[in-house]
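Each remark here refers to the structure printed beneath this line.
Just so we're clear, the structure is a prediction, and the values are computed from it rather than from any experiment.
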Amino acid sequence: MKYLSNAVDFTIKNWILIIPLFVLLAISALIRGAGEAAGLASILSLADVNNFTSAESLFKTIPTILALTVGSGIVAFIARFIYEPATYGLINKRLETGSATLNDIGAAISDNFVKFIMYFVGTLVVNLVIGIAGVLIMLLMVLLVSLLKGFGIALMFIVLIALALFVVAFGALTSLWFPSMVVDGLDVFAAFKKSIEIVRSCFWTVLGISVLVGIVAVIASSILGFFGRIPLLGVIILSAIPTIQHFVMAVFSMMIYREKTGRAVA
């Protein structure tokens with residue numbers, strides 16, 4: 001628990017470094033909320049028989065809903081290429097030198113932007129391979145179910161559990177992938193192997209803290225869910241939860257990487 005305690009303590013003392021992450025996540029959430037609100041309003045409007053006079057009424061609402069939905073997705077996608085390099089860069093500078101301010105955000109982004117692109121592409125390739133393998137396994141399970149009936153269903157259930165456990169374990173093993181690129185400047189392949197190598201020595205610590213922080217975030221979201229009823233302000237307030245969760249996990253991953261590679265924290 002010392003890692004989590006240190007990560008939380010770091011977050012509290014360096015709260016100002018969370019601002020870029022919070023702003024970008026809040027903007028993405030606001031746009032997504034606008035899309036959901038527009039879609040709900042359209043559905044409610046169509047539910048009124050007086051408004052729904054023809055199929056044309058339905059089709060008129062589709063472009064608006066799609067534009068807001070796609071727009072929120074694009075904003076969230078672009079925002080990630082800003083807040084990930086910025087957040088990890090600022091955390092690394094603070095751990096490395098003992099000092100980091102928002103004035104360092106430009107340097108943090110420029111130093112880690114290309115690294116994040118390479119990391120993002122790497123994760124896409126790995127996830128694609130895993131996804132294809134998963135589909136092939138499921139197709140094989142469907143075939144076995146048709147041949148073995150009851151035993152095949154039981155086997156398929158076991159395989160589904162195994163696949164779920166593999167995905168969780170793989171996520172933990174690669175959780176230091178980007179931090180190793182930021183701290184040591186490793187290429188995407190070397191960083192991938194380095195992450196697995198380090199996490200293997202502290203797997204249950206990494207997995208346990210990841211699950212614990214996730215559970216706390218879910219509980220906090222449930223408790224503060226009533227804020228979501230407040231227009232605009234509610235979305236901004238609730239954005240603080242995933243922001244803090246993401247930042248704490250970023251600090252944790254950077255701290256544990258630095259410790260396991262023999263680097264002192266300033």
Identify the two heavy atoms, one from T97 and one from S99, that lie closest to each other, and give their separation to 0.1 Å. OG1-O, 2.9 Å

Closest non-hydrogen atom pair between A191 and S180, with its separation: CB-OG, 3.0 Å

A108 versus A86, closest heavy-atom pair with distance: CB-O, 3.8 Å

N/O donor-acceptor pair under 3.5 Å between D187 side chain and A190 backbone: yes

Report yes or no: do V135 and I158 belong to one cluster of Ile/Leu/Val/Met/Phe/Trp/Tyr joined by side chain heavy-atom distances under 4.5 Å? no

State, with a plain yes or no, whether a side-chain heavy atom of I82 is found less than 4.5 Å away from one of I109. yes

Between Y119 and F116, does the ring-ring contact (aromatic ring centres under 6.0 Å, His included) criterion hold? Intermediate values first, please. CA-CA 5 Å; Y119 164 74; F116 184 74; 5.8 Å; yes

Any chain of hydrophobic side-chain contacts (each under 4.5 Å) joining L165 to I137? no

Is the closest side-chain donor-acceptor distance between Y3 and E259 under 3.5 Å? yes

Taking all atoms of both residues into account, what is the closest heavy-atom pair of S239 and A26, and its distance? OG-CA, 3.5 Å

Gap separating the CG atom of L160 from the CE atom of M141, nearest 0.5 angstrom: 9.0 Å

Below 4.5 Å, heavy atoms only, C-beta onward: do Y88 and S253 meet side chain to side chain? yes

At what distance, to the nearest 0.5 angstrom, does CZ of R263 lie from CG of L95? 12.0 Å

Student check: side-chain heavy atoms of N92 and R258 closer than 4.5 Å: yes

Hydrophobic clustering (ILVMFWY, side-chain heavy atoms < 4.5 Å, transitive) - are I12 and W15 grouped together? yes

Check V183 against M254 and note the closest heavy-atom contact, atom names and distance. CG2-CE, 3.7 Å

Show the numbers, then the answer: is there a side-chain contact (heavy atoms from CB on, under 4.5 Å) between L176 and K260? CA-CA 11 Å; L176 303 184; K260 296 301 181 180; over 6 Å; no

One should read off an interatomic distance between L25 CG and L238 CG, to the nearest 0.5 angstrom, of 12.5 Å

Heavy atoms, side chains only, cut-off 4.5 Å: are P20 and T87 in contact? no

Is any side-chain heavy atom of I130 less than 4.5 Å from a side-chain heavy atom of F170? yes

Value rounded to 0.5 Å, distance of CG in L173 from CD1 in I196: 6.0 Å

Side-chain heavy atoms under 4.5 angstrom apart, residues restricted to Ile, Leu, Val, Met, Phe, Trp, Tyr: same cluster for I117 and F189? yes

Could you tell me whether the side chain of S28 and the main chain of L24 form a donor-acceptor pair under 3.5 Å? yes

Crowding at CZ, F203 (>12 non-hydrogen neighbours, <6.0 Å): yes

Would you say S210 and M249 make side-chain contact, with heavy atoms under 4.5 Å? yes

Just so I know, are the side chains of L136 and L140 near enough to count as touching, which here means a heavy-atom distance under 4.5 Å? no

CD1-CZ distance between I27 and F22, expressed to the nearest 0.5 angstrom: 10.0 Å

Residues M156 and V142: closest non-hydrogen pair is CE-CG2, 4.4 Å

With respect to F120, which candidate in F113, W177, F77 satisfies the ring pair (Phe, Tyr, Trp, His ring centres under 6.0 Å) definition? F77

Are L4 and V248 close enough that some pair of their side-chain heavy atoms sits under 4.5 Å apart? yes

Any chain of hydrophobic side-chain contacts (each under 4.5 Å) joining F192 to L124? yes

Quick one, V213 with F252, criterion side-chain contact (heavy atoms from CB on, under 4.5 Å). Give me CA distance, side-chain angles, the key distance, then yes/no. CA-CA 11 Å; V213 173; F252 163 69; over 6 Å; no

Only residue of N6, L17, I18 satisfying side-chain contact (heavy atoms from CB on, under 4.5 Å) with T11 is I18

Which class fits the ring pair F10 and F247: parallel under 30°, tilted 30 to 60°, perpendicular over 60°? parallel

Output the distance between atom CD (E197) and atom NZ (K194), rounded to the nearest 0.5 Å. 4.5 Å

Ignoring hydrogens and angles, tell me if any N or O in the side chain of S175 forms a donor-acceptor pair with the backbone of A172 under 3.5 Å. yes

Going through the checks in order, is the side-chain contact (heavy atoms from CB on, under 4.5 Å) test met by L163 and V167? CA-CA 6 Å; L163 286 175; V167 170; 5.5 Å; no

